[in-house]
Visitor: 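Next up is a structure, given as structure tokens.
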Amino acid sequence: MSFVVKAIFNTLHKIDHERDRSVIFKGIILTSCAKINGERTIQSIYHLLTGKRSIQTVLDAHLYGLDHLYGIHRQLSLQSFNKIVADLMRNHYIRTSHEDKVYLLTDRGKKWLATHKKKLKLSSFQGFTYNRMDSIFYARLILFIQVLANQRMQHTAYIPVVDQPSITNWVKKTYKYLYPNLDRPVHELYRELHQILSTLSNLEADLFVNRLTGYKQVGLSIQQLAQMYQMSGEDIQLVLMRIIHQMISIIYTSPSDYQMMSLMLRDLTKINLLTNSANETYKLFKKGYNLQQIATIRQLKMNTIQDHIVEIALYDQTIPIDQFVSDQAKTEIIQAIHQVNSTKLKTIKQHVGEKISYFQIRLVLTRYIR
Amino acid sequence: MINLRLMNQLETVLSKQFNLHAFRPGQKEIITDLLKGNDVLGILPTGSGKSLCYQLPAKLLPGTTIVVSPLISLMIDQVKQLRAKGFKDVIAINSLLDFKQRKGIYANLSAYSLIYLSPEILQQDELLSYLTKIDIRLFVIDEAHCISQWGHEFRPDYLRLHSVIEMLNNPPILALSATANEDVQADIIHALKRPKMIKHIYPIDKPNIAFHVVRLQDEDEKLHTLTKLVSTYRVPTLIYFSRREDTENIAHRLATQLVDRKVAFYHGGLDAFDRLMIQQQFMNDQLDIICCTSAFGMGIDKDNVRLVIHYHFPAQLESFIQEVGRAGRDGGESISVLLYTENDEIVPQSFIQQELPTKQEIAYVFHQLSQLAKENKQIPRSLPEIINLMQINETKWRYLYFQLESQHILANQQINYDADHWQRAFQHILEHRHARFQYKQNKLNEMLKWIHSTTCLREKLYAEFQSSFQSPAFQCCTNCGFSFANWQPVEQSTTSQPIKTWQEQLKLLMLGEQHESK
Ligand SMILES: Nc1ncnc2c1ncn2[C@@H]1O[C@H](COP(=O)(O)OP(=O)(O)OP(=O)(O)O)[C@@H](O)[C@H]1O
Ligand SMILES: [Mg+2]
Ligand SMILES: [Zn+2]
């Protein structure tokens, strides 16, 4: 009996803690709800945070001024997302309307957000701009630190912290390129890290360093960091991502101060970060094949190829879309957007003529970003 | 002939490639038999170096060695450790690899000298077609007791290994385990269809481990005893629990109460990256205590674990021996402590119930199948759909599926309806289910009997496996007068230093110790 009671007590205790420990996560959900203001479902926030590669998600992100939060927590599970939404509901930070489909901030939620806004530093996130490049940069950085630190001590028997081939191959290549004069790069990377971490708060720098693995020193897991800083696992992940974004931004501003870290970013352009399949399509497209031909060559459905083209257009604003959408169609679509005052695909589609396809609408919408 | 030459090289390879100086008991004997082309069943204690029995031949022989291993984490671990030691042509093929990675590996399969696989993935036609094209010289089943322990229920692919081996041109087989009694040994040999397997059976008792069972009034007292124990002894410690949430809760408690100890939890629900980090920290003496489920066990090889505590006990002695076998792998004095309160058996008991379908559940599945058969339909493809339709959990379904398949009622998605036959099959499956239930129940009872035994616990623990045991190197057991007063282990403190500023830590991490200012 006593055990059951204790277990219940523990869970209650945990929930109570969880709420206070997820300040950033909570702040992000509330901010998103506030901006979206009931015009989209709650799932759209989940898609936003996990960085879903759909035109609607990307468009919405820009439309509601939430592009900086796009894809900042790609591993977020639907379960934890639903849990925090339920917590926020139960504690009256948000309420539902329209048959439970959309969520609105309550006065309590608004007040909380106003008091915490500064502390959250959400403007340091640059989710859309650094989409995917952030995690590649981070993986390269932590593996490189481990490799160099162990190499310095002539220690070869260690287990690498990252084992994705794309990352390990990059590190190997770069390592070979720097070899055998490794002493300078280690000191340089150390200096850069020291300098860049000094621009952060003490807590942030501390947390970042505790996650690192070096010579005979294994970094802490997310749960361990959560325990150490009395934060939820989600908040730890989000703080780490915020730090990474801050770092990338600093490196871009003064690359000459951060030569080693610039190396880790150099080849990471947006277009390189397309899904593999879209990239294949892009290669053929650049060679001058039309969509039908690409579909035949790649043995894929036309729809899939069109999805690729939209994805490419989204990342590469310079590719011409005229060949797919006539000027007249473009004008019609833009007029429809203004008339219905919405970027919801369905709504626009209902307002344009039969001849205009979803594909064309999506393409035109890609030009509405930025 | 070629193998004679290889045999002269054994010692050289041992020292040059593995950096070891002499074989341990059993290793050379097993390897020699394998190189002669014989099939071998090797039973050696935990921590005795069973892995070397195939890793060395894999290095020595041309072609590829296949190792079937039960846990993905164990596989990945062994591969990472081998790579860290400089063996680069080693790979684990498992469900975590994505399509592209897998393709890349398959295209280049013959380049690997050692391939770790799960029995399930060995059922995939694509992989098999690649495997049949390469030169396989040795087929290993590590933790071979799984054939018997799990094969009959939820891992039926263990029972299909023999046909895979046939397809691979019948290479010599090596089956390894630390916990297989005579029945299980017979079961393994039978399942692999190699009656002439040469048995290398060594005593599996561990003379450097003392066994202590503590009976406690209730949960409170148990928790109190645990806390006192781990606060008294500062040594690398494992604490086993049945449920994931308990590992988290108790780790949290211990961490708050014992501020000078580093405590972590480990279970199958953590993501792979964090699991590896925790394990590495423990290996690296950055942690004192790990609260874990059985997911932390098989194969884990840290040499100086001194204390293994069972807060909950497993459902059979074999698992207990495996888990205790994490202790004292360097031969140093170590203690196994089992904390028992009355009714602790409720949890393992309920696990057994969850693993096998009830009569009603079996009847319902038959009913649903006949409905489908009448409508000329197949069973659904996706597991969630099936589970929804049949109203049983996944483990039970897997058991039933294998049974239905062996009764020729199911073949893939296809249902073969025959009223008379189904009647008999139903009875047959029911009997099988009862027999398995009884078997598991007996196993649990043996475990309980051991806990309650009043004679030497060491003798009792190994009685089922061998007729005698070595005299204990240190203390023996509760019933032979174990006392904590006689245990003074060398304090093993974690290498974690007093809390540093991030600046100091970054410097240490990247530039090493010589830069540290005192
Ligand atoms: N001949 C040897 N001399 C010294 N050390 C050895 C020798 N053979 C193996 N070892 C070491 O013994 C340790 C245990 O080996 P291994 O992991 O293979 O044990 P195991 O028998 O598979 O145990 P388990 O049943 O727990 O899986 C390893 O660290 C290994 O390097
Ligand atoms: Mg082993
Ligand atoms: Zn005894």
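Quick note on labels: first sequence line is chain A, next is B, and so on, each numbered from 1. Just so we're clear, the structure is a prediction, and the values are computed from it rather than from any experiment.
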Visitor: Does some side-chain heavy atom of B:Leu287 sit less than 4.5 Å from a side-chain heavy atom of A:Gln224?
Guide: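 Heavy-atom side-chain distance check passes, below 4.5 Å.
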
Visitor: On a heavy-atom basis, which atom in B:Leu276 and which in A:Ile159 lie closest, and how many Å separate them?
Guide: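 B:Leu276 and A:Ile159 have their closest heavy atoms at CD2-CG2, 4.0 Å.
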
Visitor: Any non-hydrogen side-chain atom of A:Gln217 less than 4.5 Å from a side-chain atom of B:Gln286?
Guide: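 The answer is yes, as the side chains (C-beta and beyond) meet within the 4.5 Å cut-off.
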
Visitor: Need one label for B:Ala255: side chain, backbone, both or neither, based on atoms under 4.5 Å from any heavy atom in chain A.
Guide: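 B:Ala255 touches chain A through side-chain heavy atoms alone.
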
Visitor: What residues of residues 137-150 of chain A make heavy-atom contacts with chain B at a cutoff under 4.5 angstrom?
Guide: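 Within residues 137-150 of chain A, near chain B: A:Ile145, A:Ala149.
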
Visitor: Is it the case that atom NZ in B:Lys16 sees more than 12 heavy atoms from other parts of the structure closer than 6.0 Å?
Guide: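 No, the 6.0 Å shell around NZ holds no more than 12 heavy atoms from other groups.
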
Visitor: What's the separation between atom OH in A:Tyr215 and atom CG in B:Leu508, rounded to the nearest 0.5 Å?
Guide: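 That separation rounds to 10.0 Å.
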
Visitor: Mind checking whether B:Met277 and A:Ile222 have side chains closer than 4.5 Å, heavy atoms only?
Guide: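 Of all side-chain heavy-atom pairs linking A:Ile222 with B:Met277, none is under 4.5 Å.
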
Visitor: Using 0.5 Å steps for rounding, measure from the CG atom of A:Asp206 to the CG atom of B:Leu506.
Guide: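 A:Asp206 CG to B:Leu506 CG: 11.0 Å, rounded to 0.5 Å.
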
Visitor: May I ask you to check whether B:Glu248 and A:Gln223 show a side-chain donor-acceptor distance below 3.5 Å?
Guide: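 Per modelled atom types, B:Glu248 and A:Gln223 side chains form no pair under 3.5 Å.
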
Visitor: Indicate yes or no: at least one non-hydrogen side-chain atom of B:Met510 is less than 4.5 angstrom from one of A:Leu193.
Guide: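 Touching, per the 4.5 Å side-chain cut-off.
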
Visitor: What part of A:Tyr158 lies closer than 4.5 angstrom to a heavy atom of chain B: side chain, backbone, both or neither?
Guide: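 Looking at A:Tyr158, just its backbone touches chain B.
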
Visitor: We want to know whether B:His252 and A:Gln227 form a side-chain donor-acceptor pair, criterion being a heavy-atom distance below 3.5 angstrom.
Guide: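 A donor-acceptor contact under 3.5 Å links the two side chains.
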
Visitor: Please walk me through it: do A:Val209 and B:Gln503 pass side chain to side chain contact (heavy atoms under 4.5 Å, CB included)?
Guide: CA-CA 9 Å; A:Val209 173; B:Gln503 288 91 344; over 6 Å; no

Visitor: I'd like to verify something: which residue of B:Arg83, B:Gln505, B:Gln101, B:Arg275 has the highest number of heavy-atom pairs under 4.5 Å with chain A?
Guide: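 The option with the most such pairs is B:Gln505.
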
Visitor: Any side-chain heavy atom of B:Gln280 within less than 4.5 Å of one from A:Thr213?
Guide: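 No, too far: nothing below the 4.5 Å cut-off.
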
Visitor: Which region of A:Arg191, side chain (C-beta onward) or backbone (N, CA, C, O), has a non-hydrogen atom less than 4.5 Å from a non-hydrogen atom of chain B, or is it both or neither?
Guide: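 Interface part for A:Arg191: neither.
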
Visitor: Given the options B:Leu270, B:Leu509, B:Thr501, which has more heavy-atom pairs under 4.5 Å with chain A than any of the others?
Guide: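 Option with the greatest count: B:Leu509.
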
Visitor: Check for a donor-acceptor pair, side chain of B:Asp274 on one end and backbone N or O of A:Ser221 on the other, with a separation under 3.5 Å.
Guide: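 No.
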
Visitor: What are the residues of residues 195-205 of chain A, in order of number, with any heavy atom under 4.5 angstrom from a heavy atom of chain B?
Guide: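 If one takes a 4.5 Å heavy-atom cut-off, the residues of residues 195-205 of chain A near chain B are A:Leu197, A:Ser198, A:Asn202, A:Ala205.
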
